[in-house]
Every structure is written in structure tokens, then in C-alpha cells.
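Chain identifiers are assigned alphabetically (A, B, ...) following the order of the sequence lines, protein sequences preceding nucleic acid strands; residue numbering begins at 1 within each chain. Small disclaimer: the values here were computed from a predicted structure and weren't measured.
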Amino acid sequence: MSAKNFLEEIIEADLKSGKYQRIVTRFPPEPNGYLHIGHAKSIHLNFGLADKYGGITNLRFDDTNPTTEETEYVESIKRDIRWLGYEWENEFYASDYFEKLYEFAERLIRKGLAYVDHSSSEEIAAMKGTPTTPGMESPYRNRTVEENLELFRKMRAGVFPEGACVLRAKIDMASPNMHMRDPVMYRIKYESHHRTGNTWCIYPMYDFAHGQCDSLEGITHSICTMEFEVHRPLYEWFIEKLEIFPSRQYEFARLNLSYTVLSKRKLLQLVQEGHVSGWDDPRMPTLAGLRRRGYTPEAIREFCERIGVARRDNLVDVGLLEFCIREDLNRRALRRMVVLSPLKLILTNYPEGQVEWLPVENNPEDPAAGTREIPFSRELFIEQEDFMEEPPKGFLRLAPGRTVRLKSAYVIRCDDVVKDDRGNIIAIKASYFPETRSGSDSTVKVKSTLHWVSAAHAVPVRVMLYDRLFKVENPAASEEPLGSLINPNSLLVVERAMAEPDLRTASLGVHYQFLRKGYFVLDPSSTPDLPVFNRTVTLKDHWAAKTSEH
RNA sequence: UGACCUGUGGUGUAACUGGCAACACGUCUGACUCUGGAUCAGAAGAGUCCUGGUUCGAGCCCAGGCAGGUCAACCA
């Protein structure tokens with residue numbers, strides 16, 4: 001049993017004291033963008049906590065601003081949550097409560113706790129003061145209840161133009177908390193709403209909507225990120241004055257991931273400035289991007305579990321995310337052989353025209369995955385980087401005179417190097433040892449095993465090699481323009497990699513491990529003539545790590 | 001110059017609510033291996049932001065500092 005985080009302790013205390021019989025949480029996205037891994041943390045918390053303690057979770061779209069919100073996002077958000085593996089109890093919209101919220105507003109007006117302010121937004125901002133200096137009261141602050149009621153009704157009726165006035169809570173213009181300085185509750189917008197159409201021309205602000213929606217749904221634990229902490233006194237003020245169900249807000253520190261950015265604004269910027277191909281570019285930390293990259297929901301959930309939750313700032317090593325996906329894919333990925341950068345290997349003592357179909361296991365971690373047969377012949381491709389004419393110390397692969405094993409086939413020895421006029425290596429001549437065929441009890445020892453593919457049977461495929469999008473660890477904290485921080489090698493396209501025949505019929509959603517090269521999935525842009533594979537993540541590679549150090 | 005939040009190995013979280021700091025990732029060894037993967041075994045690495053105080057005893061309590069974050073949208 002894992003250690004409890006602070007939210008679990010709060011919930012357990014509330015359950016134990018009998019304050020609640022069951023907990024109710026909610027995930028409240030604004031439908032104005034795509035979900036990313038930071039949202040996954042929140043989703044995992046809200047749904048996971050309810051799950052663990054036998055409660056329920058609502059999905060509630062926070063759609064109080066018709067200017068930026070669209071139905072398209074509603075659909076993508078629902079798809080992403082389901083993909084992660086969660087199902088909500090109820091699907092609600094803040095807009096479902098517009099009428100109720102309007103009543104709440106009138107209730108506050110009647111209590112003398114809200115007023116219509118005809119100051120301009122500039123004037124309101126000016127009178128708000130600063131964090132270190134108190135604000136000033138609006139000249140409209142002391143209108144009578146009757147006057148306010150009438151004006152507010154006129155606002156709703158469409159009597160006033162946009163920006164003419166707002167409804168404000170009457171709290172304290174001298175509060176050290178800026179959010180308590182008579183916050184705006186309603187503003188006028190002649191804008192069509194994705195669900196309510198044109199029935200409203202006034203829309204509630206976040207602060208006047210979120211807490212009341214929580215309350216109306218009986219949310220017991222309203223979990224949000226730290227930046228809303230300063231809103232909590234206001235959240236509680238509305239609930240107290242309205243005398244409605246006291247939902248409680250608890251804050252946690254949002255996720256920061258190294259070598260990436262997770263703010264909606266910056267993600268949008270990456271898309272708009274063309275640094276990525278779109279919201280679902282496999283380098284994006286969006287759920288759509290991760291999915292296309294080959295990340296599994298299980299790995300993402302495991303990641304969310306491992307990072308834990310606290311209230312302090314954090315920068316999680318993206319290496320942990322990579323660990324999680326490797327751990328998951330190692331168990332399930334089908335092994336295949338693909339040579340990314342082909343170097344011809346000619347077996348001079350192998351009969352011309354002969355083809356052997358050799359059995360190969362599909363997944364050594366999972367015997368149930370069975371075996372397949374792959375063709376072996378006189379001319380093969382091996383990886384260019386698996387041969388060095390003058391190998392440095394520590395290089396275990398092929399070199400003149402050396403022997404290595406070809407995976408699931410034979411041990412071979414490099415006899416000769418074929419070069420063109422300019423001295424480039426264009427082929428390797430080698431001999432094979434028939435008695436070392438895989439499965440025989442040959443006792444020949446070699447230092448390494450290479451992946452390979454039969455030249456005559458090879459299927460050309462395109463391979464997209466993705467790396468981290470940014471070259472600096474914490475791009476969000478950098479002063480430099482985002483564009484200048486992009487890793488120039490975040491995408492390397494291999495136009496003609498050589499794959500074993502089976503991959504001609506690869507299917508979407510199946511995870512493959514290209515032996516010694518990493519985990520891959522088919523990209524939707526594939527065509528029958530040209531399969532395209534995205535690299536999800538490389539294999540852990542001590543040799544590569546060691547050689548790239550200097 | 002204000003208010004609020006936060007400060008534990010490189011990173012992320014723990015520490016039975018006062019009993020000389022644990023787990024994971026990463027790193028480094030070694031074993032094994034027909035993937036330099038996986039697996040297995042082991043190691044190094046913090047004395048808990050600082051200074052005082054209370055206490056037999058403090059990462060946990062108190063005081064004062066310091067550092068980081070958040071807050072001045074008719075955004076959420």
C-alpha cells in the first residue's frame with residue numbers, strides 16, 4: 001500500500017468523521033483547447049480519488065465564456081478522457097446552470113451584496129489598486145437594491161451594449177486579496193454560446209460560476225491547481241452568502257515536465273508558429289500527440305501515479321514518463337526487425353538464390369505471442385552503425401575479422417569491406433557458419449547480436465524519429481523566445497528504412513519494438529505503399545549514452 | 001514595499017503526526033542474456049534553505065531571516 005498524499009488524508013479524515021458518506025469530485029475543463037499530460041494528472045486525481053474511496057466524478061465543462069469555447073473541443077476532451085480509461089458519472093455544463101446562477105445573483109443583490117457598475121473596464125482596473133495599495137470604491141457602489149435589481153434585469157434583457165456595465169460583488173476594496181476587491185460577477189457579451197445559443201447576453205465569470213456549480217452538484221472536494229488558491233476566499237464567500245452546499249476547494253501543484261511546455265498559451269504558440277504540425281504532432285505533450293506517438297493510457301496513468309501530488313513547485317524528469325512507457329511496451333510490443341540505415345552484407349559462402357524461413361519469437365517477454373518466420377538469404381541489410389572499420393574500445397559489434405550473431409539466424413564473420421571510388425563503405429563481405437543456426441546447440445560465443453533484414457524481401461518504410469521538442473530542460477522558465485529553444489533534432493525522418501516483410505501489413509494501434517531501435521507505432525498518414533512509423537521512445541541504450549557524452 | 005503558498009538526495013514523492021530520513025526514476029558496479037533491451041544482485045548519493053529557541057530528543061513545534069511561486073483579465 002502506497003503512502004498517502006495530502007488529499008487522501010483529507011478525504012479519509014472527512015469520511016472517518018462522518019462529514020461525508022461518499023465523496024464527489026469533478027473534472028472541469030474549459031472547452032477551448034486540447035487536453036495535455038498536465039490535465040492527465042488532474043483527471044487521474046479526480047477520478048482516481050473518487051474511485052479509491054467509492055465516490056463519483058462528474059465531467060463538467062466550464063463554458064462560461066462563449067468567445068473562446070467550441071463544441072469541437074468538447075468532443076476531443078471527452079474522447080481523451082475515455083481513452084485514458086475513465087468514465088464520468090454525469091456530464092454537466094456550467095451553462096446548464098445559467099438560470100440558477102442568475103437567481104443566485106439576484107439573491108445577492110437583494111442582500112445588498114452585489115451592484116451594477118457602469119464604470120468602464122479601464123476605470124474598474126484603475127480603481128482596483130495594486131497588491132500593495134488598496135483600491136477605491138466605485139461611485140456606483142451604493143446604488144439601492146431596487147435600482148440594482150432593475151439594472152441587472154435590463155442587462156439580461158439586452159438593454160445595454162457590451163461593456164456598458166457589469167455586476168459586481170460588494171466585498172472589500174481594501175482587501176489584501178485582489179480577488180475580494182468587488183470582483184466582477186457578470187459581464188455583457190452579445191455572443192452566441194455553443195449550447196445556449198443567443199438566449200443569454202450576460203455571462204457569469206469563473207468566480208461566480210465554479211463554486212456554485214460545485215455546490216449544486218454536491219461536489220465534496222473541488223480539486224484545482226495552486227493558482228486558484230487566492231480565489232478560495234471568494235469561492236467560500238459566495239457559498240456562505242448564498243447559504244448553499246459548502247463544497248471545499250483544495251489546491252495542488254500543477255505538473256511541470258522537463259524539456260517541454262504545458263501551458264495552453266505556449267502550446268498554441270507552437271502550433272501557430274509552425275514548430276509542430278498540429279495539436280496532435282507526436283512531439284506535443286497533448287494526449288492526442290502522445291497517443292499518436294504511441295504512448296498507452298496505461299503508461300500515462302502509471303506516470304500520474306508515480307509523480308504523486310503535493311503543493312510545491314516541481315519539474316518532473318521526462319525520463320520518468322519514458323520509463324513508464326518502456327515498462328509498459330516491453331511487456332506488450334511485438335518484436336520486429338527494421339534496418340534504419342541500411343548497409344549491404346553479402347554472405348559469400350551462402351548459396352545464391354537460396355532462402356530460408358527462420359522462426360523468430362514475437363515477444364520474448366510473452367511466450368503466448370508466438371513466433372513468425374522471416375526470410376534469410378545471401379544478401380542482407382544490417383545497420384550502418386553496427387559496423388566500424390576501426391572500432392574504438394568498447395565497440396562490440398561488427399568489424400573486420402570479427403564475428404557477431406545475426407538475430408535468430410547465424411553467426412557471421414566479416415571478411416572484407418567493399419568501397420566505392422571515394423572510399424565510402426558500400427558493402428560488407430562476410431561468411432556465415434551453417435552450424436550456428438539459431439536453435440542449434442552451437443557453443444560459439446559472440447560479443448553482440450545484430451538485427452538484419454533480407455535485401456530481396458525488405459519492405460521500404462518511412463520512419464519518424466522523435467526526440468524531445470526542446471533543447472533546454474525548462475523552456476517555460478526561459479527568457480528566450482520559444483522558437484529559439486526548439487531542439488533542431490526533435491524530428492528526423494528516415495525516408496527509406498528497410499523492414500521485414502511482416503510490417504507491410506502493420507496495423508494502427510499495434511505497438512512494435514523494432515529490435516535494438518525502440519518502440520514504434522504506425523502513423524495514420526501511412527498508405528498501403530508506404531507504411532509510416534512513429535518512434536514512441538528509444539530503448540535504453542548504455543552504449544549510446546556513453547558515446548554521446550563527449 | 002503587501003497578502004498568501006512552498007522549501008527533504010540530481011528528479012519526484014515518503015517519514016506511523018517529536019524518536020537520529022524511506023521508496024521510485026536517474027547514476028555507477030557486477031551477474032545473466034541470440035536485443036549494449038529485459039531480468040537479477042549490489043553501491044554511491046540528502047542529515048531535511050539558514051540562524052536561533054523549546055525539548056532528553058526536531059525534517060516535523062516556535063521566532064526571525066533567506067529563496068522560489070502566486071495574485072492587480074468584463075479569461076479559466
Is [X] touching bases, backbone alone, or none of the nucleic acid, heavy atoms closer than 4.0 Å?
| X | result |
| --- | --- |
| E122(A) | nothing |
| Y186(A) | nothing |
| H179(A) | sugar-phosphate |
| R335(A) | base |
| S120(A) | base |
| P29(A) | nothing |
| V446(A) | nothing |
| E30(A) | sugar-phosphate |
| S440(A) | nothing |
| Y519(A) | nothing |
| D541(A) | sugar-phosphate |
| R397(A) | base |
| N5(A) | sugar-phosphate |
| K407(A) | base |

Contact list (N/O, under 3.5 angstrom) for nucleotides 40-43 of chain B vs protein:
none

With distance as the sole test, does [X] use its side chain to make a donor-acceptor pair with the main-chain N or O of [Y] at under 3.5 Å?
| X | Y | value |
| --- | --- | --- |
| E69(A) | N65(A) | yes |
| H179(A) | V230(A) | no |
| T25(A) | N46(A) | yes |
| T547(A) | W543(A) | yes |

Test salt bridge (Lys or Arg N to Asp or Glu O under 4.0 Å) on R306(A) and E302(A) and set out the steps. CA-CA 6 Å; R306(A) 282 175 181 262; E302(A) 176 65 17; 2.8 Å; yes

W543(A) aromatic ring stacked with six-membered ring of G36(B), 5.5 Å and 30°: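 A stacking contact exists, since W543(A) sits close and nearly parallel to the base ring of G36(B).
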
Check whether Y512(A) forms a cation-pi arrangement with R336(A) (NZ or CZ under 6.0 Å from the six-membered ring centre, at most 45° off the ring normal).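 Cation-pi check for R336(A) and Y512(A): fails.
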
Does R311(A) qualify as a cation-pi partner of F252(A), given the criterion of NZ or CZ under 6.0 Å from the six-membered ring centre and within 45 degrees of its axis?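 No, a cation-pi geometry is absent between R311(A) and F252(A).
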
hbond_proxy [X] side chain to [N] base (donor-acceptor, 3.5 Å cutoff):
| X | N | result |
| --- | --- | --- |
| E365(A) | G37(B) | yes |
| T68(A) | C75(B) | no |
| Q513(A) | U35(B) | yes |

Using whole Å, what does the distance between atom P of nucleotide G68(B) and atom CG of L315(A) come to?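 L315(A) atom CG is separated from G68(B) atom P by 16 Å.
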
For atom NZ of K546(A) and atom C1' of U29(B), their distance in whole Å: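 Taking NZ of K546(A) and C1' of U29(B), I get 11 Å after rounding.
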
Across all strands shown, which nucleotide pairs with C61(B) by Watson-Crick or G-U wobble geometry, both distances under 3.5 Å?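 By the stated definition (distances under 3.5 Å), G53(B) pairs with C61(B).
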
Determine which nucleotide pairs with G9(B), using a 3.5 Å limit on both distances of a Watson-Crick or G-U wobble pair.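 Pair assignment: G9(B) / none.
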
Give the nucleotide from the list C5(B), C34(B), C71(B) with an atom nearest to the side chain of R311(A).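 Within the option list, the nearest is C5(B).
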
Taking atom NZ of K266(A) as the centre, report whether more than 12 heavy atoms of other residues, nucleotides or ligands fall under 6.0 Å from it.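 Yes.
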
Count the heavy atoms belonging to other residues, nucleotides or ligands that lie under 6.0 Å from CE of M127(A), then report whether that count exceeds 12.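 Yes - once you tally the heavy atoms of other residues, nucleotides and ligands closer than 6.0 Å, there are more than 12.
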
Pairwise N/O distances under 3.5 Å, protein to nucleotides 21-25 of chain B:
unit_1 : atom_1 : unit_2  : atom_2 : d
A24(B) : O2'    : R306(A) : NH1    : 2.5

[N] and [M]: how far apart are their [atom1] atoms, nearest whole angstrom?
| N | M | atom1 | answer |
| --- | --- | --- | --- |
| A38(B) | C34(B) | C1' | 13 Å |
| U48(B) | C60(B) | C1' | 10 Å |
| A63(B) | A22(B) | P | 30 Å |
| C71(B) | U1(B) | C1' | 16 Å |

Ionic contact status for D214(A) with R60(A), cut-off 4.0 Å: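 Salt bridge present between R60(A) and D214(A).
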
Would you call the rings of F98(A) and H193(A) parallel, tilted or perpendicular if under 30° counts as parallel and over 60° as perpendicular?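 The arrangement is perpendicular - the two ring planes meet at more than 60°.
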
